[in-house]
Amino acid sequence: REDVYSYEYEDGPGPDLKNLTFDLKNGSKTPWNSKIIDVLLEEIQKRCDEEKWPFQRSEAYFREILQDRYKRLRTIWTAAQPKVTAKGILETPVEVEKRLITKKDETLKATRQTTPVVDNLVKQTADENEEDLPAWRWLQRLIRTLGEGGMSSEESDVENDIETVLRVKNMTWRRAVEREMDIVDHQRLMDDDIFAPQGSKPMKRIRAAGNPTTSRAQVDGLPKVLYNEGWLAGLTKRQVERLTISEKEFRWMKVAVA
C-alpha cells in the first residue's frame with residue numbers, strides 16, 4: 001500500500017483518523033499499526049475519563065489488549081486470503097469461502113461427535129454399569145465445559161500407507177486431556193455399531209506431541225484447572241486478568257472405566 005509505505009519511509013501523513021485501516025500484512029508494532037493503536041488507546045482513555053468508568057487500568061494494560069485483538073484480527077484475515085491450489089493458481093472468492101466453511105464445519109463436527117458419544121455412554125452406563133457412571137458423567141461435564149473452542153481441531157493423514165486417521169492438533173493453553181479423550185475415542189471405536197447407525201466406522205484419532213499446533217486462540221472464562229499450568233505461568237498479570245478465569249469449581253478426576 002502506497003499510504004503505508006509513504007508514512008513509514010517518507011513523509012506521508014499517516015493513517016486517516018476518520019477511516020482507520022490496519023496494515024494486516026504486518027505485525028502490530030510497525031510504525032503504521034502502532035500509530036493506529038496509539039489513536040485507539042487515546043480514545044479509550046478519553047472515554048474512560050468522560051464516562052467515569054468504575055475501574056482504572058494503566059496505559060500498558062489497554063495497549064496489550066489492543067495488540068492482542070489485532071493479532072486475532074490478523075489471524076482471521078490471513079485465513080481468508082486466497083491460497084495456491086493444487087493446480088498452481090490462486091483460489092477464487094468462492095473457493096476461499098468454501099474452504100473456510102469446510103474448516104468451520106470440521107470443527108463443529110468434531111465437537112458434535114464427541115458430545116453425543118459421552119451422552120449416550122452416560123445413559124447406557126446408568127442402566128448397565130453403575131460403577132463407571134461417575135466417570136462418564138465427569139467426562140460429560142469436561143467436554144461441555146471446554147465447549148467448541150476448547151476441543152482440538154483435526155487434520156486427516158494416512159498411517160502405514162493403509163489407514164486414514166485424524167491427527168488431533170495440540171492446544172498449548174489447555175490442560176492435557178489426551179488420556180481422557182482417548183478413553184472416549186476407544187469406547188466409540190468399540191461401540192461403533194451403536195454410534196454409527198448408518199454403518200460408517202469412526203476414524204481413529206491420534207493425539208501426540210509431534211502433531212501440529214492449533215492456530216485457535218485460547219478460550220476465556222474457563223475454570224483454572226482446565227488451563228495448562230506452564231502456559232499460565234508464562235503470562236503477564238494483565239494477560240491473566242483478561243482470561244477472566246472462572247471461579248466456579250471444577251474438580252479434576254483421574255478417570256478409569258471398565
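Sequence positions, counted from 1, serve as the residue numbers for this chain.
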Roughly how far, to the nearest 0.5 Å, is the [atom2] atom of [Y] from the [atom1] atom of [X]?
{"X": "E180", "Y": "I143", "atom1": "CD", "atom2": "CD1", "answer": "10.0 Å"}
{"X": "S28", "Y": "R69", "atom1": "OG", "atom2": "CZ", "answer": "13.0 Å"}
{"X": "R47", "Y": "E42", "atom1": "CZ", "atom2": "CD", "answer": "14.0 Å"}
{"X": "W138", "Y": "T145", "atom1": "CH2", "atom2": "OG1", "answer": "9.5 Å"}

Testing the basics here: between [X] and [Y], what is the closest heavy-atom pair and its distance to 0.1 Å?
{"X": "G221", "Y": "S246", "value": "O-CB, 3.2 Å"}
{"X": "A79", "Y": "R99", "value": "O-NH1, 3.0 Å"}
{"X": "A80", "Y": "V96", "value": "O-CG1, 3.3 Å"}
{"X": "A176", "Y": "E178", "value": "CB-OE1, 3.2 Å"}
{"X": "T213", "Y": "K169", "value": "C-CB, 4.4 Å"}

Between [Y] and [X], is there a side-chain heavy-atom distance shorter than 4.5 Å?
{"X": "L66", "Y": "I44", "result": "yes"}
{"X": "R174", "Y": "N228", "result": "no"}
{"X": "P31", "Y": "Y7", "result": "yes"}
{"X": "Q218", "Y": "M171", "result": "no"}
{"X": "F250", "Y": "K224", "result": "no"}
{"X": "P15", "Y": "T21", "result": "no"}
{"X": "L20", "Y": "K35", "result": "no"}
{"X": "W32", "Y": "N26", "result": "no"}

Legend entry - Under 3.5 Å side-chain donor-acceptor pair for T85 and E95: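 Note: T85 and E95 side chains miss the donor-acceptor criterion.
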Donor-acceptor pair, [X] side chain versus [Y] backbone, under 3.5 Å?
{"X": "T78", "Y": "R74", "result": "yes"}
{"X": "Y227", "Y": "L222", "result": "yes"}
{"X": "S6", "Y": "E2", "result": "no"}
{"X": "E10", "Y": "Y5", "result": "no"}
{"X": "N33", "Y": "F22", "result": "no"}

Legend entry - Residue among L40, I37, L41 satisfying side chain to side chain contact (heavy atoms under 4.5 Å, CB included) with F62: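 Only one option passes, and that is L41.
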Inset, instruction - Among R238, Q239, R242, find the one that has a side chain to side chain contact (heavy atoms under 4.5 Å, CB included) with I65. - result: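 One option only clears the test, and that one is R242.
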Is [X] linked to [Y] within one hydrophobic cluster, defined over Ile, Leu, Val, Met, Phe, Trp and Tyr using a side-chain heavy-atom separation of less than 4.5 Å?
{"X": "L232", "Y": "V225", "answer": "yes"}
{"X": "L73", "Y": "V4", "answer": "yes"}
{"X": "Y70", "Y": "I76", "answer": "no"}
{"X": "W77", "Y": "L90", "answer": "no"}

Inset, instruction - Evaluate the criterion side-chain contact (heavy atoms from CB on, under 4.5 Å) for residue pair I245 and V240; output intermediate values, then yes/no. - result: CA-CA 8 Å; I245 295 175; V240 173; 4.3 Å; yes
Inset, instruction - Before accepting this row, confirm whether a basic side-chain N of the pair K83/E91 lies closer than 4.0 Å to the acidic partner's carboxylate O. - result: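 Not counted as a salt bridge, because no side-chain N and carboxylate O are separated by less than 4.0 Å.
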Legend entry - Cationic N near anionic O, under 4.0 Å, R1 to D3: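 Yes, R1 and D3 are salt-bridged.
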Are more than 12 heavy atoms, taken from residues, nucleotides or ligands other than [X], located less than 6.0 Å from that residue's [atom1] atom?
{"X": "E51", "atom1": "CD", "value": "yes"}
{"X": "E43", "atom1": "CD", "value": "yes"}
{"X": "D11", "atom1": "CG", "value": "no"}
{"X": "Q81", "atom1": "CD", "value": "yes"}

Legend entry - Verdict with supporting geometry, R63 and E59, salt bridge (Lys or Arg N to Asp or Glu O under 4.0 Å): CA-CA 6 Å; R63 184 181 298 278; E59 176 183 317; 3.2 Å; yes
Legend entry - Verdict with supporting geometry, L142 and M181, side-chain contact (heavy atoms from CB on, under 4.5 Å): CA-CA 10 Å; L142 172 65; M181 294 299 99; 4.1 Å; yes
Inset, instruction - Apply salt bridge (Lys or Arg N to Asp or Glu O under 4.0 Å) to the pair R251 and E249, showing each step before the final yes or no. - result: CA-CA 6 Å; R251 292 188 178 182; E249 184 180 25; 3.0 Å; yes
Inset, instruction - Check step by step if side-chain contact (heavy atoms from CB on, under 4.5 Å) holds for L235 and L243. - result: CA-CA 10 Å; L235 299 181; L243 272 180; 3.8 Å; yes
Legend entry - side-chain contact (heavy atoms from CB on, under 4.5 Å) evaluation trace for T214 with N170: CA-CA 6 Å; T214 183; N170 293 314; over 6 Å; no
